[in-house]
Novice: 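Here it is: the structure, laid out below.
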Amino acid sequence: MAVESTKKESWVLTVMAQTPTNIAVIKYWGKRDESLILPINDSISVTLDPSHLCTTTTVAVSPSFTSDRMWLNGKEIPLSGGRYQNCLREIRSRASDVEDAEKGIKITKKDWEKLHLHIASYNNFPTAAGLASSAAGFACLVFSLAKLMNVKEDNGQLSAIARQGSGSACRSLYGGFVKWIMGKDDKGSDSIAVQLVDENHWDELVILIAVVSSRQKETSSTSGMRETVDTSPLIQHRAAEVVPKRILQMEEAIKNRDFPTFVQLTCSDSNQFHAVCLDTSPPIFYMNDTSHRIISCVEKWNRSEETPQVAYTFDAGPNAVLIARNRKTAALLLQRLLFHFPPQSDADLNSYVVGDKSILKDAG
Ligand code: ADP
Ligand code: DP6
Ligand code: CO
């Protein structure tokens, strides 16, 4: 066995992967099981183009590593948290033999139980600021580890593992529009992501991210949704009555590329998600004044007959995700946003492009 040979003690085997983030158009907010991360409703998201907002993760294994370690954006973070441990355990238990003839490395299924990992991950967009870094991050972690350890599961099974890192992460295993089925099983075996349509189905859509603030949010999504489930009388109504109908309507709208219905559902669901945050005790404010002004700007645009429609949605943070029907509308939208919310400096202006990040100030 190669890992026992002193001659080969110095080898390192690495795998690098990139995973884009995803933005929910019908939101996940609330768990029925905290440790397995089982949601109280289905959700639907769109996965962004990997050339824009994404996580890059490199995983390495070597007999010279003495413990599992992880660096996030260049800073070491503890892997002791249950979520990281759950993902590592699930992947390790599915590892297969790996052979690299060129390097003279052979790792057996059994070896994986003893070998340690080093993980380095980098987000090219703000972390913990409401742009779903946990989604891209945990999806990329699970995907890269699965590749390294030769895990022979399909994306559906990998999505169930990524889910145990962060719920929204299960949806980043696929491109296009993706549904996270909440499932019925207590153990979570049927709480997986499925692709509704691939990235080519509605490739005219353009997604513009307006970074209102890249500061780390005060209430993480995990604690925010826990407080909502514990205290909001509205959340049960949302999960049981509103979302199931919206999921069906959204699936139809996506299938038929019905943009007006898509806009109506996306905006309503974002607003209801922030309404349940307000209905939480004490209330959670993820959006700020600039977010509200962006909503007013888009609503005004959508009410005027001669301008095409735009969808807005805000995750657990103040940053706006705007979805335009095509490039022409996106260009008009960008022009309007630049007028009302000019970037604070020339440097920011360079990063204020369609599908990329930007820093906005409120022009009043
Ligand atoms: P966001 O809105 O950005 O998803 P969350 O509060 O849901 O914010 O999650 C942020 C947390 O996700 C971080 O504190 C970190 O624990 C985890 N995370 C973010 N990026 C990564 C990554 N690349 N790899 C692993 N974990 C990550
Ligand atoms: C508002 O997936 O970040 O972005 O499962 O606790 O890690 P945990 O939460 P997370 O929550 C995402 C909430 C949301 C909506 C969504 O992505 O569906
Ligand atoms: Co998150």
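All figures in this text were calculated on a predicted structure; none of them were measured in a lab. We count ligands from 1, going down the list as the structure has it; atoms in each ligand are counted the same way.
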Novice: Could you identify the single nearest non-hydrogen protein atom to atom 26 (N) of ligand 1 and state the distance to 0.1 Å?
Specialist: Tyr84 OH, 2.9 Å
Novice: Under 2.8 Å from the Co ion (ligand 3), how many protein N/O/S atoms can be counted?
Specialist: 1
Novice: Just to verify, what does Phe285 make a side chain to side chain contact (heavy atoms under 4.5 Å, CB included) with, not counting sequence neighbours?
Specialist: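 If we apply the side chain to side chain contact (heavy atoms under 4.5 Å, CB included) test to Phe285, skipping adjacent residues, the hits are Leu278, Pro283.
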Novice: Which of the atoms in ligand 1, numbered in the order shown and given with their element, are less than 4.0 Å from a heavy-atom of Met70?
Specialist: 24 (N), 25 (C)
Novice: Tell me the protein heavy atom at minimum distance from atom 19 (C) of ligand 1, and give that distance in Å.
Specialist: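 Scanning the protein heavy atoms, the shortest distance from atom 19 (C) of ligand 1 goes to Ser133 OG, 3.3 Å.
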Novice: Say whether, by atom type as modelled, one donor and one acceptor occur between the side chain of Gln85 and the main chain of Leu79 under 3.5 angstrom.
Specialist: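 Present.
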Novice: Sequence neighbours left out, what passes side chain to side chain contact (heavy atoms under 4.5 Å, CB included) with Val197? Give chain and number order.
Specialist: Phe177, His201, Ile254
Novice: Salt bridge or not for Glu241 and Arg238, using N-O below 4.0 Å?
Specialist: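 Salt bridge: no.
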Novice: Between Leu131, Asp315, Leu72, flag the one that comes closest to atom 21 (C) of ligand 1 by a heavy atom.
Specialist: Leu72
Novice: If the threshold is 4.0 Å, N to carboxylate O, is there a salt bridge linking Asp315 and Lys27?
Specialist: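 Yes, this pair counts.
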Novice: With no hydrogens and no angle check, is any side-chain donor or acceptor of Asn319 less than 3.5 Å from a backbone partner on Ser213?
Specialist: yes
Novice: Could you list which atoms of ligand 1 come closer than 4.0 Å to a heavy atom of Ala129?
Specialist: 3 (O)
Novice: Relative to the heavy atoms of Ser220, which atoms of ligand 1 are at a distance of less than 4.0 Å?
Specialist: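 This gives 6 (O) as the contact atoms.
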Novice: Taking a cutoff of less than 4.0 Å between a non-hydrogen atom of the residue and any ligand atom, is Gly130 in contact with ligand 1?
Specialist: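 True for this residue.
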Novice: Would you check if the distance from the ring center of Trp71 to the ring center of Tyr122 is below 6.0 Å?
Specialist: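 Ring centroids of Trp71 and Tyr122 are no less than 6.0 Å from each other.
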Novice: Of all the non-hydrogen atoms in the protein, which one sits nearest to atom 14 (O) of ligand 1, and at what distance?
Specialist: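 For atom 14 (O) of ligand 1, the nearest protein heavy atom comes out as Ala128 CB, 4.5 Å.
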Novice: Return yes if some donor-acceptor pair links the side-chain N/O of Tyr286 with the main-chain N/O of Gly130 below 3.5 Å, else return no.
Specialist: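 Answer holds: no.
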Novice: Among all the protein's non-hydrogen atoms, which is closest to atom 13 (C) of ligand 1, and how far away is it?
Specialist: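 Checking every protein heavy atom, the shortest distance to atom 13 (C) of ligand 1 gives Thr127 CG2, 4.4 Å.
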Novice: Within ligand 1, which atoms have a heavy atom of Gly137 less than 4.0 Å away?
Specialist: 21 (C), 22 (C), 23 (N), 24 (N)
Novice: Could you identify the single nearest non-hydrogen protein atom to atom 20 (N) of ligand 1 and state the distance to 0.1 Å?
Specialist: Asn123 ND2, 3.0 Å
Novice: Please write down residue, atom name and distance for the protein heavy atom closest to atom 11 (C) of ligand 1.
Specialist: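 Result: Ser134 CB, 4.3 Å.
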Novice: Does the ring centre of Phe138 sit less than 6.0 Å away from the ring centre of Tyr84?
Specialist: yes
Novice: Under a 3.5 Å distance rule, please check whether Glu252 uses its side chain to pair with a backbone N or O of Leu248 as donor and acceptor.
Specialist: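 A pair under 3.5 Å: no.
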Novice: Looking at atom 2 (O) of ligand 1, what's its closest protein heavy atom, distance included?
Specialist: Lys217 NZ, 2.6 Å
Novice: Counting heavy atoms only, which part of Thr222 comes closer than 4.0 Å to ligand 1: side chain, backbone, both or neither?
Specialist: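 Neither; no heavy atom under 4.0 Å.
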Novice: Go through the steps for Lys179 and Glu251 under the test salt bridge (Lys or Arg N to Asp or Glu O under 4.0 Å), then give the verdict.
Specialist: CA-CA 9 Å; Lys179 174 159 103 163; Glu251 283 190 58; 2.8 Å; yes
Novice: Gly317: heavy atom below 4.0 Å from ligand 1, yes or no?
Specialist: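 Gly317 does not count as a contact of ligand 1 under the 4.0 Å cut-off.
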Novice: With a 4.0 Å cut-off, would you call Asp190 and Lys184 a salt bridge?
Specialist: no
Novice: Are the side chain of Asn41 and the backbone N or O of Val243 linked by a donor-acceptor pair below 3.5 Å?
Specialist: no
Novice: Distance under 4.0 Å, heavy atoms only, partner ligand 2: which residues pass?
Specialist: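 Those residues closer than 4.0 Å to ligand 2 by some heavy atom are Ala24, Lys27, Tyr28, Trp29, Lys31, Ile37, Arg83, Ser134, Ser166, Gly167, Ser168, Arg171, Ser221, Thr222, Met225, Phe273, Asp315, Ala316.
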